[in-house]
Amino acid sequence: MSLFTTTYDVIVVGGGHAGSEAAAAAANMGAHTLLITMNLQNIAQMSCNPAMGGIAKGQIVREIDALGGYSAIVTDKTAIQFKMLNKSKGPAMWSPRAQSDRMQFAECWRTMLEQTENLDFYQDSVNGLLFDEDKIVGVKTALGLEIKAKTVVITAGTFLNGLIHIGEKTFGGGRAGEGASTGITEDLVAIGFESGRMKTGTPPRVDGRSLDYSKMIEQPGDEITEKFSYLPTTISLKKQRSCYLTYTNLKVHNLLREGFDRSPMFNGRIKSTGPRYCPSVEDKINRFATKDRHQIFVEPEGWTTCEMYVNGFSTSLPEDIQDKAIRSIAGFENVKFLRYGYAIEYDYFPPTQLTHSLETKLVKNLFFAGQINGTTGYEEAAAQGLMAGVNAALKVQEKEPFILKRNEAYIGVLVDDLITKGTEEPYRMFTSRAEYRTLLRQDNADLRLTPIGYKLGLASKERLDRVIKKQEKADLLVRFLEKTSVKQEEINPILEAKNLALINQSMKLYKIAARPQLEFSDFKNLVKLNKFLLENDIDKEVIEQAVIHLKYSGYIAKEKSNADKLNRLENVVIPSSFDYQKVKSLSFEAREKLSKIQPTTISQASRISGVSPSDISVLLVYMGR
């Protein structure tokens, strides 16, 4: 089969986290897919930190897994440490995070992709797009090939006209050691797309053998480890590698300030916006001038490598300043650099130019995913890749697009935020962005999304069967707790040990288990409970579901009620031909914003910045409501 004569269903441009998930999703849905990337050795490269998950990001990885994506499986297979963050808070805030072996991670991703049917690979640089009026019909490569496709997904990461900065030195590149990609931006701008520039940065990598860990605080993983994927094919870690914590100090800050006049951030050479929530070290000491220290996490890049990632020291300062300053951090006195930190500027396309399916409004059958949409982070990119890959395949199959609502998934929040509000700085997901976070927990992503993934043809029957079984067992356990009474003499010793109010008569077990001060493990000596758990093969995962239901049922019910109200507005569709300029009772700003973003429902319109409740009332009247 020749590249010259084949018309692919889907071409995915770029092999990062977004491109890998997009290619896997499209191929697994039966679309004949081609993944084009500049270097096949660098598929799913962890360009920045060697970790997956974290606050809100961990929920996204679990959602990708529940739908049938690959990120969680790869993370589990290549993890070197696991932590569940925010365990001291409520379950809506619990977020899994894993350190990964960087080289194994990329190798595992490539192996899984190569084992995926319907997926071809080609190493080349895409430097042009082929259009037929308002449709995309293929791509042009640096070698001069024109490859035809029914749909194209662009996941170019930081490569579009990428520019690397280290001090006063500047050179083109998509990341260290790799060239930039040119031509795509120019083709898109020529047909009317709006583009912008963003910046991100990365810290130095150092030789772990040159560090003194006795001056740092060890950060081991969780004693009892969990994992990301809901499938039994991956297992939780039996051994782990530790990270280490140290701090900057005033001497470090003063040494860094010496290089500000040569910093591209401060001398005006970088004009684009960097990530607010992951600032460079020079940005931190400039913005938080009163703080006399900042955390530095030393993270191993793998099981056997000596390469260490200096998390918290992202910088584009000159090499001599980086060298001098880092040596004043405890444990780094004799450090040897493997790579200096740098900043990178790249093109992005404001995501208000997309629909909820991540298809562009201007060109049919063209989809954007990842940093091209103004996001930052592997997890956000992978989620968009999966959504774009699924929707590209559905477009080819002439089916309705796949859209997740804000009350269904963090992925739904991510996409809706991007296309409704846009972003002028690298967008990062947080739990605070999700108004229904009690519903969108990391523990129930499979219950929420696997039935949807199965209908799409993405999640396997095995996944669906496990979800149905989990829900049935959780319901069974809740019913047992609701109907089973326990006597005073069984429960009072437990309550006494916790300094809690004793009971003076028999009580249903669910009332006791719902007390916030008690853990389920406190009931380990209750004979009838243990007998029930054993007879019904109830595992830790099922117990967690049942306990969360008991303790948080009031909050969950309230959020479901609020989500139902929102969904009523989701059902009020705005015709694509609606002319807002004719509705003079709308504010001028609302007319301008609504005309630009073209929301598809009243609910989406209500989330656009500058559209007031009174503007929504006007629209409801026009829609006959």
Side-chain angles (χ1 to χ4, degrees), residues 47-51 54-55 158 163-170 176 197-207 210-213 215-217 219 243-299 308-346 376-377 424-428 430:
S47 307
C48 201
N49 63 321
I55 294 166
T158 59
L163 198 60
I164 291 174
H165 298 267
I166 303 178
E168 293 167 300
K169 301 181 182 77
T170 303
R197 295 284 276 176
M198 278 191 179
K199 173 198 89 87
T200 189
T202 191
R205 278 34 161 215
V206 301
D207 189 332
S210 65
L211 303 180
D212 184 350
Y213 300 105
K215 296 180 178 177
M216 304 179 192
I217 305 158
Q219 304 283 296
C243 298
Y244 293 86
L245 171 65
T246 183
Y247 294 90
T248 62
N249 52 57
L250 290 175
K251 184 182 177 186
V252 174
H253 298 181
N254 289 331
L255 287 167
L256 289 168
R257 285 190 184 99
E258 284 180 18
F260 277 13
D261 61 329
R262 291 189 287 149
S263 164
M265 265 189 55
F266 295 112
N267 64 18
R269 278 197 298 114
I270 290 180
K271 294 183 171 64
S272 47
T273 313
R276 177 190 299 263
Y277 302 103
C278 190
S280 64
V281 69
E282 55 263 40
D283 201 16
K284 280 191 280 194
I285 64 172
N286 187 53
R287 276 165 51 189
F288 308 108
T290 55
K291 286 198 76 170
D292 56 10
R293 68 175 193 171
H294 294 283
Q295 289 182 327
I296 299 292
F297 287 97
V298 181
E299 301 174 349
M308 293 285 178
Y309 179 87
V310 189
N311 198 341
F313 205 83
S314 175
T315 180
S316 57
L317 285 166
E319 312 93 296
D320 58 315
I321 298 293
Q322 291 187 39
D323 194 284
K324 203 162 35 169
I326 208 168
R327 288 179 190 279
S328 295
I329 296 173
F332 280 80
E333 294 83 358
N334 299 305
V335 69
K336 291 179 182 176
F337 279 77
L338 298 180
R339 289 188 262 167
Y340 287 103
Y342 62 87
I344 182 165
E345 284 189 286
Y346 55 93
T376 181
E424 292 176 358
E425 61 185 39
Y427 177 102
R428 177 180 175 181
F430 288 102

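All of these numbers come straight from a predicted model, not from anything done at the bench.
Atom OH of residue Tyr346 and atom CZ of residue Arg197 lie 10.0 Å apart, to the nearest 0.5 angstrom. Distance check, rounded to the nearest 0.5 Å: OG1 of Thr170 to CD1 of Ile164 gives 10.0 Å. Ser314 OG to Asn49 CG: the interatomic distance, rounded to the nearest 0.5 Å, is 10.5 Å. Atoms CG and CE, from Leu245 and Met216 in turn, are 9.5 Å apart once rounded to the nearest 0.5 Å. In this structure, Ile321 CD1 and Phe260 CZ are separated by 10.0 Å, a value rounded to the nearest 0.5 Å.
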**Prompt:** Do Cys48 and Tyr309 pass the side-chain contact (heavy atoms from CB on, under 4.5 Å) test, and can you show the C-alpha distance, the side-chain angles, and the key distance before you say yes or no?
**Reply:** CA-CA 9 Å; Cys48 201; Tyr309 179 87; 3.1 Å; yes
**Message:** Does Ile344 form a side-chain contact (heavy atoms from CB on, under 4.5 Å) with Lys199? I'd like the steps, not just the answer.
**Reply:** CA-CA 6 Å; Ile344 182 165; Lys199 173 198 89 87; over 6 Å; no
**Item:** Chi angles and distances behind the side-chain contact (heavy atoms from CB on, under 4.5 Å) call for Val310, Ile296
**Value:** CA-CA 7 Å; Val310 189; Ile296 299 292; 3.6 Å; yes
**Asked** Could you walk me through whether Val298 and Asn311 pass the side-chain contact (heavy atoms from CB on, under 4.5 Å) check?
**Response** CA-CA 6 Å; Val298 181; Asn311 198 341; over 6 Å; no
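The two residues Tyr247 and Gln295 come nearest to each other via the heavy atoms CE2-CG, 3.5 Å. The shortest heavy-atom contact between Lys284 and Gly312 is NZ-O, 3.0 Å. In terms of heavy atoms, Thr248 sits closest to Arg293 at O-CB, 3.0 Å.
A heavy-atom distance below 4.5 Å is not found between the side chains of Pro318 and Glu168. Taking the side chain as every heavy atom from C-beta outward, Glu345 and Thr200 never approach each other to under 4.5 Å. Between Lys324 and Val252 there is no side-chain heavy-atom pair separated by less than 4.5 Å. Between Tyr427 and Thr376, the closest side-chain pair of non-hydrogen atoms is not below 4.5 Å. Taking the side chain as every heavy atom from C-beta outward, Ile285 and Arg257 approach each other to under 4.5 Å.
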Could you go through residues 327-342 and list every donor-acceptor pair under 3.5 Å that involves a side-chain atom there, pairing it with any protein atom two or more places apart or in another chain?
| from | atom 1 | to | atom 2 | distance (Å) |
| --- | --- | --- | --- | --- |
| Arg327 | NE | Asp323 | OD1 | 2.8 |
| Arg327 | NH1 | Glu333 | O | 3.3 |
| Arg327 | NH1 | Val335 | O | 3.2 |
| Arg327 | NH2 | Val335 | O | 2.9 |
| Glu333 | OE1 | Gly331 | N | 3.0 |
| Glu333 | OE2 | Lys215 | NZ | 3.3 |
| Glu333 | OE2 | Gly331 | N | 3.3 |
| Arg339 | NH2 | Glu307 | OE2 | 2.8 |
| Tyr342 | OH | Ala176 | N | 2.9 |

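Of the listed residues (Leu255, Ile166, Leu256), just one forms a side chain to side chain contact (heavy atoms under 4.5 Å, CB included) with Leu317, and that residue is Leu256.
Salt bridge status for Asp292 with Lys251: absent, with no side-chain N to carboxylate O gap under 4.0 Å.
Listed by chain and residue number, His294 satisfy the ring-ring contact (aromatic ring centres under 6.0 Å, His included) test with His253 (two or more places apart in sequence, or in another chain). In terms of the salt bridge (charged side-chain N to carboxylate O under 4.0 Å, His left out) criterion, residue partners of Lys169 (sequence neighbours excluded) are, by chain and number, Glu319.
When atom types are taken as modelled, the side chain of Glu282 and the backbone of Ser316 share a donor-acceptor pair closer than 3.5 angstrom. In this structure a side-chain-to-backbone donor-acceptor pair under 3.5 Å is present from Arg205 to Pro203. Side-chain atoms of Asn254 come within 3.5 Å of backbone atoms of Leu250 as a donor-acceptor pair (strictly under, hydrogens ignored).
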